[in-house]
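Input: a single structure, listed below in structure tokens.
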Amino acid sequence: MREKYFPKEIEAKWQQHWADNHTFEVKPDDSRQKFYCLEMLPYPSGRIHMGHVRNYSIGDALAWYKRMRGFNVLHPMGWDAFGLPAENAAIDNNAQPETWTLNNIDHMRAQLKKMGIGYDWTREIASCLPDYYKWNQWFFIKMFERGLLYKKRSLVNWCPECNTVLANEQAEGGVCWRHTSTAVIQKELDQWFIRLTNYAQELLDGTYELEGGWPERVLTMQRDWIGRSEGARVNFKVKDSDAVITIFTTRIDTIYGANAIVLAPEHILIETLMEDSPLHDKVIEFATRLKNEDKIERTSADAKKEGIYTGRVAINPFNGAKLPIWIANFILMEYGTGAIMSVPGHDQRDFDFSTEYGLPIQQVIAPLDENGEPAVFGEMKEAFTGSGVLVNSAEWDGLPWPIANEKMTAFALSQKFGEGTVHYRIRDWGISRQRYWGTPIPIVYCDHCGIMTVPEDQLPVELPKNVVITGKGGSPLAQVPEFVNTTCLKCNRPARRETDTMDTFVDSSWYYFRYCDPKNDKAPFDKSKTDYWLPVDQYIGGIEHAVLHLIYTRFWSKMMRDLGLCDFNEPIHRLLTQGMVCMYADKVGRVVKMSKSLGNVIDPDDMISAFGADTTRLFALFAAPPEKDLDWNEKGVEGGFRFLARAYRLVWKWHAQMPQAKQTAAQSSELTPAQRKLQRKTHQTIKRITENFEDRMHFNTMISALMELVNEAYDFDTQLGDKAPCGTTVAIMREALESLALMLAPFAPHAAEEMWEGLGHQGGILSGALWPTFDADLARDDELEIPVQVNGKLRSRVRVSADVDEESLKQAAFADEKVKAATAGKEVVKIIVVPKKLINIVVKG
RNA sequence: GCGAAAGUGGCGAAAUUGGUAUACGCACCAGACUUAGGAUCUGGCGGGGAAACCCGUGGGGGUUCGAGUCCCCCCUUUCGCACCA
């Protein structure tokens, strides 16, 4: 230990120590409880940013704590290394995506090591390497064999910036998830889809299993995304035709109020219906125009309702009413059946549509008035969507909503013109990407034998190198004859390979399984290893993956479970979604997320050079609780540095006496008040921090508790002056400083190690399970200052012994001058005593 | 529009089940040490007032002995969803 706190020197020293001692490298060990601490793996964009620093500081704090509590902690790191930026860099810099990516990984790995994050680097993975993506292909084949994958020509989201297709989850709100200012357009393409919808119900049910462990916000977003709705399908016969139109509704109880059947412009029955119709050309022209309109605009909530009457009529199976068949812009082909019954009285969209075209509006649901009678409105000004009972609905009149729905659905089933059904909003996951830098899809097309998967023993289908990437004109792999041309695996005649690559979200769906067995070349992983480590105990990452990665990976593990590769339903027990790192930006005049384009970026490297990794990490944890956005403030960083230097100086001042100190302090009754005070603070701090790690993980308050302990220890030290300390004093100080060093380790591990060593300990903090324990008796206050209220207002405080009984406390309160003054001449109505907290005297007059 | 979360000093934030509002840090002020300090140490720091005391957690009501915390209404901000039948 040196006199002054030199983070650079200390950090290099301990990083070397951890590497030499393989401190963070772990193996399954049945004798110890495991803890899997995982941070979302980064995309190797080139440099670490503050968001990463925050993410990994949180994860490492927890990992250190758990290790110190004796857990066998798996804390790995890897790279989500496929993806578009590598291709763009290749175009811009004339580099190969692989070279660019691997160089970035090298640089970022070095940065993470400089931060001293405790990863088991022997388990590092990079998804762009064949020994990883081989298993993506293996999973593809398994899913193909089980019918979980299919190829379909369909309208898909296309991002003109990415020049590729996007999954629905990646095109939320009609914009690309990477290019949020770029509207996604619709294209018709052949695509590989994973049957995410097979697991829709299970994914929904799982969100209830995850309650408590996952933020409610994320669960809500996932539930909304899955979008389960219960309803019914009802068949409407078309008059003078054999055609039947099936509609989906969640409100079959309102069917007597239907005034039309409305179809999406893409509906397949339109052509049939319009055959021989004098309106044929007009209607088809209308539908074609809508189909060609921008989908996002056409289907946005504020688009004007627009429709056309087809001249055809459908029959309401409940009452035989003749309903005109319309086509309208607001009906979506991909939801339900692409056809609805319009019920203007009880659906605002139908109301607006009917008003626009003068269709009749009838009320069929009536709220109950104060006499319990159904209230029938005169003219309706808007749709009534509240609850009530049926009216104008023949024999169903008087039934309340949920019962009517049930009974009418049952009736439809019995009459064979409808049935109850559940509909989900979530769609299958389109994974084809018309890009180069991704996992090749292991499929071969033969003109004679059709579509076939590449046999397992021929995996991986390697991504060819030195491919010319222009960013234009379809899949780059299609331009590589050596890759495309192959022979049919069945008939040996010339055949072609699939030239699309997989969505990179495939890579990240199972990477944390691979960390458990990263070098396995026989299987994606050995189940005995994942059985030990998984599920993940704590996952930490940004909220932006709430419906992307976090839904895909839940699906993936359910699929793996069905393949017999794991035994659990949910792969991630607890999830922490950390807030963004923000800073004031001149360009917008307020505190916003750090971004290069706004110029409000701090480079972690600069921070580390100026203050050290410990200070940088400490501040990232101290400035705000982890799930909140964090305001980066350089002055605040200095405060973090001062705290570490202050703690360090105190340890320096005392470290020489430590080897001679008594191991345990005297009985607390024999301590001076000052000694007792520091001892109490030490034990209180251990209690606070330990409990906080176990439930709330608010690192900011844990660090402030450590600051308080340091302040208290300084006061103690200052009071001693130049007097030579007695053995008890040294023992009390030793306990305080050792506790401090140990509890600092999760937040500032290098400085903590240096202090721990300075206090006379060899081998490093993690050579044992050293998390300090507190003694509840020693943490307890001997004396308390109890606030005294009169009529709820604070009037005074009284000092009493901690074990005071109610009666003496009351006496002490009434003995107080200020309390006397406030209660003088008044009748005491009531005295409320909250043990150890407060006394409130209620007076009258 | 629907849904969720939040609003506390000059600033970042504490207050875990209703019980001393503002812990801890930053900034600021005063002092000590110093050739000097952007180092370190000591003290102060919500508003009003000489004081007693009064006021104070976005605004207004309510429940309670007692409300930052619970309930109702409103305002603002952020986030999510948005013609999903």
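Order of the sequence lines fixes the chain letters, A, B, ..., with proteins taken first and strands second; residue numbering starts at 1 for each chain. All values below come from the heavy atoms of this structure, side chains included, with hydrogens, waters and symmetry mates left out. Small disclaimer: the values here were computed from a predicted structure and weren't measured.
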Does A/R795 reach the side chain of A/Q789, with side-chain heavy atoms less than 4.5 Å apart?
no

So which nucleotide from B/A14, B/A85, B/C24 ends up closest to the side chain of A/T250?
B/A85

What interatomic distance, in whole Å, is found between C1' of B/U22 and the corresponding atom of B/G46?
8 Å

Residue met sooner reading RNA chain B from 5', once A/H698 and A/K793 are mapped to nucleotides
A/H698

Salt bridge A/E691-A/R696, side-chain N to carboxylate O under 4.0 Å:
no

Does B/G25 have OP1 or OP2 sitting under 4.0 Å from an N or O in the side chain of A/N711?
yes

Should A/R646 be listed as having a side-chain N or O under 4.0 Å from OP1 or OP2 of B/C41?
yes

With heavy atoms under 4.0 Å as the rule, sort A/F622 into base, sugar-phosphate or nothing.
base

Please pick, from B/A27, B/A85, B/A23, the nucleotide with the shortest atom-to-atom distance to any side-chain atom of A/L332.
B/A85

Taking A/E266 first and then A/K291, would you say they form a salt bridge - that is, a charged N and a carboxylate O separated by under 4.0 Å?
no

Rounded to whole Å, CH2 of A/W214 lies from P of B/A5 at a distance of 19 Å

Euclidean distance, atom NZ of residue A/K593 to atom C1' of B/U77 [Å, nearest integer]:
19 Å

Which part of the nucleic acid does A/Q348 contact within heavy-atom distance under 4.0 Å: base, sugar-phosphate only, or nothing?
nothing

Quick one: is A/R696 getting a side-chain N or O under 4.0 Å of the B/A15 phosphate, OP1 or OP2?
yes

State whether A/R649 places a side-chain N or O below 4.0 Å from either non-bridging phosphate oxygen (OP1 or OP2) of B/A39.
no

Measure from CZ on A/F330 to P on B/G1 and round the result to the nearest Å.
21 Å

Decide whether A/E627 and A/H698 meet the rule of one side-chain donor and one side-chain acceptor closer than 3.5 Å.
yes

Spacing between A/F699 atom CZ and B/A13 atom P, to the nearest angstrom:
17 Å

Are OP1 or OP2 of B/C24 and a side-chain N or O of A/N700 less than 4.0 angstrom apart?
no

Ignoring backbone atoms, test whether A/R590 places a side-chain nitrogen or oxygen under 4.0 Å from the OP1 or OP2 oxygen of B/U77.
no

Less than 6.0 Å separating the ring centroids of A/H346 and A/F351?
no

Is A/I247 touching bases, backbone alone, or none of the nucleic acid, heavy atoms closer than 4.0 Å?
nothing

Looking at A/K628, does any N or O in its side chain come under 4.0 Å of the phosphate oxygens OP1/OP2 on B/A13?
yes

Duplex segments of RNA chain B, taken as runs of at least three Watson-Crick or G-U pairs that stay under 3.5 Å
B:1-7 with B:75-81, B:10-12 with B:24-26, B:28-32 with B:40-44, B:46-48 with B:53-55, B:58-62 with B:70-74

Nearest 0.5 Å, please: how far is CZ in A/F747 from CZ in A/F619?
15.5 Å

A/E783 with A/R799: basic N within carboxylate O range, under 4.0 Å:
yes

Mind checking the C1' distance from B/G7 to B/U69? Whole angstroms is fine.
14 Å

From B/G19, B/A23, B/C26, nucleotide with atom closest to A/K635 side chain:
B/C26

Using a 4.0 Å heavy-atom cut-off, does A/A303 contact any base of the nucleic acid, only the sugar-phosphate backbone, or nothing at all?
base

chi for B/G60 classified (syn = within 90 degrees of 0, anti otherwise) as anti

Ring centers of A/W326, A/Y357 separated by less than 6.0 Å:
yes

Hey, does A/N692 reach any base, or is it just sugar-phosphate, or nothing, if we go heavy atoms under 4.0 Å?
nothing

Counting C-beta onward and ignoring hydrogens, is there a side-chain heavy-atom pair between A/F286 and A/L290 closer than 4.5 Å?
yes

Between A/Q222, A/E216, A/R223, which is the residue that forms a side chain to side chain donor-acceptor pair (under 3.5 Å) with A/T207?
A/R223

Looking only at the side chain of A/R425 (C-beta and beyond, no hydrogens), which of the listed nucleotides B/C24, B/A82, B/C83 gets closest?
B/A82

Distance, P atom - from B/G31 to B/C55, rounded to whole angstrom
36 Å

The nucleotide from B/C26, B/G19, B/C65 with an atom nearest the side chain of A/Q789 is B/G19

If you only use heavy atoms from C-beta on, which nucleotide in B/A85, B/G12, B/A14 is closest to the side chain of A/T701?
B/A14

Nearest-angstrom distance, C1' atom, B/C24 to B/U8
15 Å

Measure from the side-chain heavy atoms of A/M221 and tell me the nearest of B/G19, B/G80, B/C24.
B/G80

So, OP1 or OP2 of B/C54: does either fall under 4.0 Å of a side-chain N or O from A/R795?
yes

How is A/T220 classified with respect to the nucleic acid when contacts are heavy atoms under 4.0 Å: base, sugar-phosphate, or nothing?
nothing

For the C1' atoms, the ones on B/G49 and on B/A4, what distance do you get once it is rounded to whole angstrom?
44 Å

Residue mapping more 5' on RNA chain B - nearest nucleotide basis, A/K837 or A/G636:
A/K837

Ignoring the backbone of A/L794, work out which of B/A21, B/G19, B/G25 is nearest its side chain.
B/A21

Reckon A/D350 touches a base, only the sugar-phosphate, or nothing at all at heavy-atom distances under 4.0 Å?
nothing

Give A/G227 one of three labels, base, sugar-phosphate or nothing, depending on what nucleic acid heavy atoms sit under 4.0 Å from its own.
nothing

Winner on side-chain proximity to A/N840, out of B/C79, B/G19, B/C24, is B/G19

At under 4.0 Å between heavy atoms, what does A/R688 touch on the DNA or RNA strands: base, sugar-phosphate, or nothing?
nothing

Using the C1' atoms only, state how far B/C71 lies from B/U63, rounded to an integer number of Å.
7 Å

Calculate the interatomic distance between A/F248 atom CZ and B/C83 atom C1'; express it in whole Å.
15 Å

Rounded to whole Å, please give me the gap between CG in A/L706 and P in B/G25.
12 Å

Mind checking the P distance from B/C28 to B/C73? Whole angstroms is fine.
45 Å

B/G3 versus B/C74 - spacing of their P atoms, nearest Å
12 Å

Begin with the C-alpha distance, continue with both residues' side-chain angles, and end with the deciding distance and a verdict on side chain to side chain contact (heavy atoms under 4.5 Å, CB included) for A/I255 and A/T249.
CA-CA 9 Å; A/I255 197 165; A/T249 178; over 6 Å; no

Using the side-chain heavy atoms of A/L838, tell me which of these nucleotides is nearest: B/G19, B/A13, B/G25.
B/G19

